[in-house]
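The structure appears below as structure tokens.
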Amino acid sequence: MEKTDRVIIVGAGVFGLSTAYQLAREGFTNITVLDRHVPPVPDGSSVDISRVIRFDYGDEVYLRIAYEAYRKWTGPKYQDIFFPSPFIVSSNSESALGRAYTESCTAALTKHGLPWTRLEDANSAKSMYPMLSGTLAQPGFSGYTNRQAGWADASKAIAQLRDDCLELGVSFVAGRAGTVTKFESDAAGKIRAVRTLQGTALQGDHFILSAGAWASSLVPFYNSTISTGQVLGYIQLTDDEMERLRQLPIYINFATGWFNFPPHPDTKMLKIAVHGWGYTRSPDDAEKATMPHHDVSSPPLAAARARRNFAPEDGVARLRAGLREILPELADRPFDRLALCWYTDTPTGDFIIDYHPDHENLFVAGGGSGHAFKFLPVLGHYVSKGLKRELPKDLAEKWRFRTEYQHDANVFKGDGSRGGPLRRELSPEETRAKL
Ligand SMILES: Cc1cc2nc3c(=O)[nH]c(=O)nc-3n(C[C@H](O)[C@H](O)[C@H](O)COP(=O)(O)OP(=O)(O)OC[C@H]3O[C@@H](n4cnc5c(N)ncnc54)[C@H](O)[C@@H]3O)c2cc1C
Ligand SMILES: *[C@@H]1O[C@H](CO)[C@@H](O)[C@H](O)[C@H]1NC(C)=O
Ligand SMILES: *[C@@H]1O[C@H](CO)[C@@H](O)[C@H](O)[C@H]1NC(C)=O
């Protein structure tokens with residue numbers, strides 16, 4: 001690769017922007033990032049008031065690089081963006097998966113000499129964090145707390161990263177002229193250009209596909225990703241509640257997938273979510289007309305200024321059940337906002353950082369599987385290594401583009417971190433709610 005080669009990056013989320021920034025730092029001078037909307041993209045998966053930053057993983061690779069990222073989050077660059085907070089990982093005794101996930105985290109932390117504190121029962125958790133007024137995960141609470149964790153204001157982090165890119169000379173194209181509808185390739189499969197909704201064609205030498213949950217509608221993914229909508233709820237707190245819950249820890253129950261963020265000081269919102277199997281969505285006819293691959297689940301394609309204020313009833317019930325578990329006094333409060341946010345799930349929960357099998361100059365960076373945001377400070381480094389075919393063998397193997405699932409009926413069993421009811425397709429009524 002020459003530093004003057006034209007690099008086209010499709011998608012300005014955490015994968016695309018961190019890659020653009022890294023390549024620009026390495027001296028690449030002709031990088032263009034395209035997106036449906038100006039970043040921070042309001043309905044992009046990397047954008048919201050918050051994202052959890054933790055290095056609690058059973059998987060050694062993610063633990064190591066999440067720790068590397070955590071060290072950066074706590075540095076001066078992110079001081080108005082990253083907020084430290086303790087992290088409680090819990091499960092009940094009935095969920096074998098939930099318990100196994102928790103135990104694999106503590107085993108890996110111990111192995112790496114990283115401190116954590118076992119919570120003997122719900123009462124010991126509650127005496128450590130007295131604002132937790134519910135019964136916590138039951139029956140048979142088990143869990144631990146890690147004080148080295150926190151959350152980031154995701155929109156601010158993405159805005160800063162965008163500005164870092166601009167300062168280093170990266171170009172951006174947004175809106176119709178930034179919305180890619182097709183990769184145009186020659187007879188040998190080499191990509192020459194991207195075609196956009198505006199009708200324009202943008203030529204390049206290297207193409208990076210980092211379009212998140214939308215990516216699988218542009219090129220074949222061989223059944224190696226599935227886009228799933230995940231529920232989010234926001235409750236506006238009073239000043240008294242803000243004060244009382246200021247030190248609320250991040251709490252996740254891996255038996256149900258439910259988790260919360262500490263209150264967000266700027267908006268006074270308490271945000272809660274479910275890390276679950278999620279919902280799939282078939283594209284509508286208008287979307288199908290612009291997408292080369294429309295037999296896959298995908299989020300709405302039209303640029304939007306916000307996520308729709310909607311979540312399916314069963315998802316809302318799960319949001320409430322979790323609230324009742326830790327803060328029952330808020331469990332019947334109406335939500336000020338609901339939303340679906342999109343995961344790009346892979347069968348193993350591993351990212352995809354590899355060349356596409358059909359096109360020698362198309363590189364894929366994605367497959368975030370609901371856990372990629374925390375890697376923002378280091379992700380571009382790994383994508384750049386992949387692009388230059390310099391990734392260490394174990395990482396190249398872990399993040400390879402997998403074609404072996406193409407004939408499997410149901411391969412999306414996850415990484416052991418998901419709780420609750422199985423994935424389902426949104427009903428026609430729910431889809432008509434124009435998610
Ligand atoms: C509800 C929720 C909670 C999460 N919580 C956490 C967490 O606490 N901690 C954590 O580490 N991770 C978390 N994640 C996961 C993390 O946010 C994602 O893994 C990550 O943001 C994915 O980044 P991405 O760049 O792949 O996707 P995106 O940020 O979605 O970026 C893809 C971009 O591509 C653009 N695009 C799409 N189609 C086109 C097209 N045709 N042409 C041009 N541009 C296009 C989109 O507009 C979008 O901006 C969460 C995710 C969700 C949804
Ligand atoms: C980027 O590539 C285009 C197309 O080849 C060229 O016109 C332009 O001068 C290049 N820009 C830089 C900064 O090299
Ligand atoms: C994977 O591919 C098979 C065969 O093409 C198909 O029947 C199946 O529905 C796909 N699975 C998913 C989850 O998309």
Side-chain angles (χ1 to χ4, degrees), residues 6-21 23-24 28 30-49 154-184 191-219 227 229 281 283-294 296 298-309 339-342 344 362-366 368 434-435:
R6 296 159 304 174
V7 180
I8 306 249
I9 299 180
V10 181
V14 70
F15 277 97
L17 290 177
S18 64
T19 302
Y21 178 58
L23 294 177
F28 283 83
N30 211 330
I31 305 169
T32 307
V33 179
L34 286 80
D35 205 299
R36 300 156 51 244
H37 198 290
V38 178
V41 177
D43 61 348
S45 302
S46 305
V47 176
D48 200 349
I49 58 173
S155 296
K156 285 187 189 166
I158 290 291
Q160 172 171 281
L161 186 52
R162 172 206 61 205
D163 290 348
D164 289 343
C165 287
L166 284 165
E167 271 173 21
L168 293 182
V170 173
S171 299
F172 285 83
V173 183
R176 285 173 67 85
T179 304
V180 172
T181 53
K182 192 172 184 287
F183 287 96
E184 294 184 340
I191 311 269
R192 296 297 178 191
V194 288
R195 181 67 61 180
T196 73
L197 211 50
Q198 180 78 336
T200 47
L202 212 72
Q203 293 177 347
D205 302 304
H206 308 280
F207 295 83
I208 298 171
L209 177 57
S210 49
W214 291 262
S216 54
S217 48
L218 284 171
V219 292
S227 302
R281 173 188 179 275
D284 63 28
D285 291 343
E287 290 164 335
K288 283 183 178 167
T290 60
M291 290 176 174
H293 298 274
H294 39 69
V296 292
S298 79
L301 183 65
R305 66 179 63 200
R307 296 192 175 95
R308 277 277 163 154
N309 181 8
L340 284 182
C341 170
W342 291 83
T344 311
L362 177 62
F363 196 79
V364 175
K434 289 244 190 301
L435 306 175

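Side chains are part of it too, since the values below use all heavy atoms of this structure and drop only hydrogens, waters and symmetry mates.
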Next on the checklist: Looking at every non-hydrogen atom in both residues, tell me the closest pair between Ala177 and Val173 and how far apart they are.
Outcome noted: O-CG1, 3.4 Å
Checklist entry - Mind checking whether Arg281 and Pro300 have side chains closer than 4.5 Å, heavy atoms only? => result yes
Item to check | Atom of Ser298, atom of Trp342 and distance for their closest heavy-atom approach | outcome: O-CH2, 4.3 Å
Checklist entry - Salt bridge check: are Arg6 and Asp205 linked by an N-O gap of less than 4.0 Å? => result yes
Checklist entry - Within the side chain of Ser210, is there an N or O that forms a donor-acceptor pair under 3.5 Å with the backbone of Gly11? => result yes
Checklist entry - Which heavy atom in Lys288 sits nearest to a heavy atom in Pro283, and how many Å separate them? => result CE-O, 3.5 Å
Item to check | Atom pair CH2/CG of Trp214 and Leu301 - distance to nearest 0.5 Å | outcome: 8.5 Å
Next on the checklist: Let's go through Phe363 and Thr19 carefully: what are the C-alpha distance in whole Å and the side-chain angles of both, what is the deciding distance for side chain to side chain contact (heavy atoms under 4.5 Å, CB included) to 0.1 Å, and is it a yes or a no?
Outcome noted: CA-CA 11 Å; Phe363 196 79; Thr19 302; over 6 Å; no
Next on the checklist: Once rounded to the nearest 0.5 Å, what's the spacing between atom OG1 of Thr344 and atom CZ of Phe15?
Outcome noted: 8.0 Å
Taking only distance into account, with no hydrogens and no angle test, what donor-acceptor pairs under 3.5 Å do side-chain atoms of residues 158-168 form with protein atoms, sequence neighbours excluded?
| residue | atom | partner | partner atom | Å |
| --- | --- | --- | --- | --- |
| Gln160 | NE2 | Lys77 | O | 3.3 |
| Arg162 | NH1 | Pro39 | O | 3.0 |
| Asp164 | OD2 | Lys77 | NZ | 2.8 |

Item to check | For Ala303 against His37, the heavy-atom pair lying closest together | outcome: CB-CD2, 4.3 Å
Next on the checklist: What I'd like to find out is whether the side chain of Val170 reaches to under 4.5 Å of the side chain of Val33, using heavy atoms alone.
Outcome noted: yes
Next on the checklist: So if I apply the side chain to side chain contact (heavy atoms under 4.5 Å, CB included) rule between Val194 and each of Val10, Thr32, Thr200, which one comes out positive?
Outcome noted: Val10
Checklist entry - Roughly how far, to the nearest 0.5 Å, is the CG atom of Leu202 from the OG1 atom of Thr196? => result 8.0 Å
Next on the checklist: Quick check: do Leu197 and Arg36 have side-chain heavy atoms less than 4.5 Å from each other?
Outcome noted: no
Item to check | Point-to-point distance, once rounded to the nearest 0.5 Å, from CD of Gln203 to CD1 of Ile191 | outcome: 13.0 Å
Checklist entry - What do the steps show when you test Leu17 against Phe172 for side chain to side chain contact (heavy atoms under 4.5 Å, CB included), and what is the final call? => result CA-CA 10 Å; Leu17 290 177; Phe172 285 83; 3.6 Å; yes
Checklist outcome for this item: So CZ of Phe207 and CG of Leu34: to nearest 0.5 Å the spacing works out to 10.0 Å
Checklist entry - What residue pairs, at least two apart or across chains, pass side chain to side chain donor-acceptor pair (under 3.5 Å) with a residue in residues 173-184? => result Arg176-Gln198, Glu184-Arg195
Item to check | Atom pair CG (Leu218) and OG1 (Thr290), whose distance is rounded to the nearest 0.5 Å | outcome: 9.0 Å
Checklist entry - Heavy atoms, side chains only, cut-off 4.5 Å: are Glu287 and Ser217 in contact? => result no
Next on the checklist: Quick check: closest heavy atoms across Ala201 and Ala193, and the distance to 0.1 Å?
Outcome noted: CB-CB, 4.4 Å
Item to check | Whether Ser227 side chain and Ala213 backbone form a donor-acceptor pair below 3.5 Å | outcome: yes
